[in-house]
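Both backbone and side-chain heavy atoms feed into the values below; hydrogens, waters and symmetry mates do not.
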Amino acid sequence: MIPVSMVGRAVELAELDRAWSTVVAGCRPSPAVTVITGVAGVGKSLLVAAAVEGFIPRPAVILSGAARVHDPAPYDWLAAVLSVRDTSGLDLPPDALAWLAQQPTAPRERYAPGTLLRLAVRTVRLLVGAGPAVLVVEDLHALDPASLNLVVELATAPELPALLVVASRPPADAVAPDLTLRALARLCGVRGAVRQHLGPLGPAEVAEILTQVYDGSAPPGRVSLAVWQRTGGNPYALTELLAVHAGRGPEALAREPLPEHLRMPAPRVAVPPDAELTGREVEVLGCLVAGMSNKQAARALGISVRTVTVHVSNLLRKTGSASRTEAALWAVQHRAPDVGQVRG
């Protein structure tokens, strides 16, 4: 039986496992790269944790870090990695290491940006050693520019025996949307990179989770459908809803008011009047911003890949963009100030 947290994510788990196998086999000249995007609460971190836990053989090294959401600083990702490791044996200039680790005793004068970036890559190389390793970058959308540059450099670092797994919300939710969009584009452009966009769970997957939670007893179809509609298929909202009504029957999930904190925001794209985009083109544009491929957008919107391709072509023409990345960047620059919500 698939664990509750991984219902609907079997394909993504298998892709991550295949990527790891290429690293273990030593048949890559640079790290294997997997980029996972999705809105808040969709299960990116859970997916990464479950995948890494199931890797065979076990990674010799796991380096994981995230941004300081409320007070970002240069090289936050690397500083988070270094904060839980013994760095006394690293062959690096002590002052540079102190600066990269964001130590209070770090000298005020620092190296030139290019030199510091090379030292940051070297630091990761020393930590990885002979590998094989997994490098986990959480919340790329919240990272500082120096960390974004480092992650991109690591993605193409020669002879680095590692799987680089990057998780991010869509660029529209980022601290620096333009920089995040470009970083995601460069990461997804790495040869052999795997791009995954986690969408919401479907009604059948919500029903499967409820069946597991209630000891194999499938709730009535109307209850599963109501829960799916109330949570928008968002795994975090579903988990929290189950926690709020723990010990009660499934009917409570569909009947009781939805707590305020479970009303998950969903970004919308605002379109200038002179752009003259159709409603469907706006939806496809939202998929581009989310980092979806044509196939993923087709699945999300319930239309054919060919139809998505036509809409993308129209979007490039109407927005004056030369690529999907430029069109997504155009959308980010015209982002709506308001957001939609999943309502109870």
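Of the inter-residue distances, the one linking His311 atom NE2 with Lys318 atom NZ reads 9.5 Å to the nearest 0.5 angstrom. One finds the CG atom of Leu16 at 5.5 Å from the CG atom of Leu47 (value rounded to the nearest 0.5 Å). Rounding to the nearest 0.5 Å places CG of Leu117 at 14.0 Å from CZ of Arg122. Going from atom CG of Leu179 over to atom CG of Leu184 covers 11.0 Å, rounded to the nearest 0.5 Å. In this structure, CD1 on Ile209 lies 5.0 Å from CG on Leu238, to the nearest 0.5 angstrom. In this structure, CG in Asp76 is found 5.0 Å from CG in Asp144, a value given to the nearest 0.5 Å.
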Candidate pair Gln196 and Thr34, rule side chain to side chain donor-acceptor pair (under 3.5 Å), full reasoning:
CA-CA 7 Å; Gln196 299 178 346; Thr34 298; 5.8 Å; no

Chi angles and distances behind the side chain to side chain contact (heavy atoms under 4.5 Å, CB included) call for Val165, Leu163
CA-CA 6 Å; Val165 183; Leu163 167 62; 3.7 Å; yes

Please assess His141 against Thr180 for the test side chain to side chain donor-acceptor pair (under 3.5 Å), listing each intermediate value before the final yes or no.
CA-CA 6 Å; His141 61 277; Thr180 300; over 6 Å; no

Before you tell me yes or no, could you show the steps for Asn294 and Arg324 under side chain to side chain donor-acceptor pair (under 3.5 Å), namely the whole-Å CA-CA distance, both residues' side-chain angles and the distance that decides it to 0.1 Å?
CA-CA 10 Å; Asn294 284 5; Arg324 299 164 62 92; 2.4 Å; yes

Val136 and Val166: side chain to side chain contact (heavy atoms under 4.5 Å, CB included), yes or no, with the steps?
CA-CA 6 Å; Val136 179; Val166 178; over 6 Å; no

Audit row: Leu198, Thr37, side chain to side chain contact (heavy atoms under 4.5 Å, CB included) steps and yes/no:
CA-CA 6 Å; Leu198 300 189; Thr37 57; over 6 Å; no

Between Leu82 and Leu127, does the side chain to side chain contact (heavy atoms under 4.5 Å, CB included) criterion hold? Intermediate values first, please.
CA-CA 9 Å; Leu82 294 173; Leu127 293 173; 3.9 Å; yes

Which is it for Asn234 and Thr231 under the side chain to side chain donor-acceptor pair (under 3.5 Å) test, yes or no, and what are the steps along the way?
CA-CA 6 Å; Asn234 184 283; Thr231 62; over 6 Å; no

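Residues Val134 and Val194 do not share a hydrophobic cluster, clusters being chains of Ile/Leu/Val/Met/Phe/Trp/Tyr side chains in contact below 4.5 Å. Val282 and Val310 are members of different hydrophobic clusters when ILVMFWY side chains are connected at heavy-atom separations under 4.5 Å. Cluster membership check: Leu116 shares its hydrophobic cluster with Leu90, using side-chain heavy-atom separations under 4.5 Å among Ile, Leu, Val, Met, Phe, Trp and Tyr.
Annotation: side chain of Val42 is in contact with side chain of Arg9 (closest heavy-atom distance under 4.5 Å). Using a 4.5 Å heavy-atom threshold, the side chains of Glu159 and Ser30 count as separate. With a 4.5 Å cut-off on side-chain heavy atoms, Ile36 and Glu12 do not count as touching. At least one side-chain heavy atom of Arg85 sits under 4.5 Å from a side-chain heavy atom of Val61. At a threshold of 4.5 Å between non-hydrogen side-chain atoms, the residues Arg118 and Thr115 count as touching. Side-chain contact between Pro235 and Leu46: absent, with no pair of heavy atoms (C-beta onward) separated by less than 4.5 Å. Using a 4.5 Å heavy-atom threshold, the side chains of Leu210 and Leu242 count as touching. Leu97 has its side chain out of reach of Pro94: every pair of non-hydrogen atoms, C-beta onward, lies at least 4.5 Å apart.
Here the closest heavy-atom approach between residue Ala193 and residue Leu187 is recorded as CB-O, 3.5 Å. Annotation for Ala66 and Trp77: closest pair N-CD1, 4.0 Å, computed over non-hydrogen atoms. The shortest heavy-atom contact between Glu53 and Arg58 is O-NH1, 3.1 Å. Closest approach of Leu119 to Pro93, counting heavy atoms only: CD2-CD, 4.1 Å. In plain terms, the two heavy atoms of Pro31 and Ala157 that are nearest each other are CD-O, 3.2 Å. Of all heavy-atom pairs between Ala67 and Leu143, the closest is CB-CD2, 3.6 Å.
Proximity of a side-chain donor or acceptor of Trp20 to a complementary backbone N or O of Glu15 within less than 3.5 Å is not detected. Panel note: side chain Glu240, backbone Ala237; no donor-acceptor pair is recorded below 3.5 Å. Without hydrogens or angle criteria, Thr309 side chain to Val305 main chain gives a donor-acceptor distance under 3.5 Å. Judged by distance alone, the side chain of Gln102 and the main-chain N or O of Pro74 form a donor-acceptor pair under 3.5 Å. The backbone N or O of Phe55 sits nowhere less than 3.5 Å from a side-chain atom of Asp17 that would complete a donor-acceptor pair. Side chain of Asp91 to main chain of Leu126: no donor-acceptor pair is present (N/O by atom type, distance under 3.5 Å, no hydrogens or angles).
Note on Lys44 versus Asp139: no salt bridge recorded, every NZ/NE/NH1/NH2 to OD/OE distance being 4.0 Å or above.
Within a 6.0 Å radius of CZ in Arg191, other residues, nucleotides and ligands contribute 12 heavy atoms or fewer.
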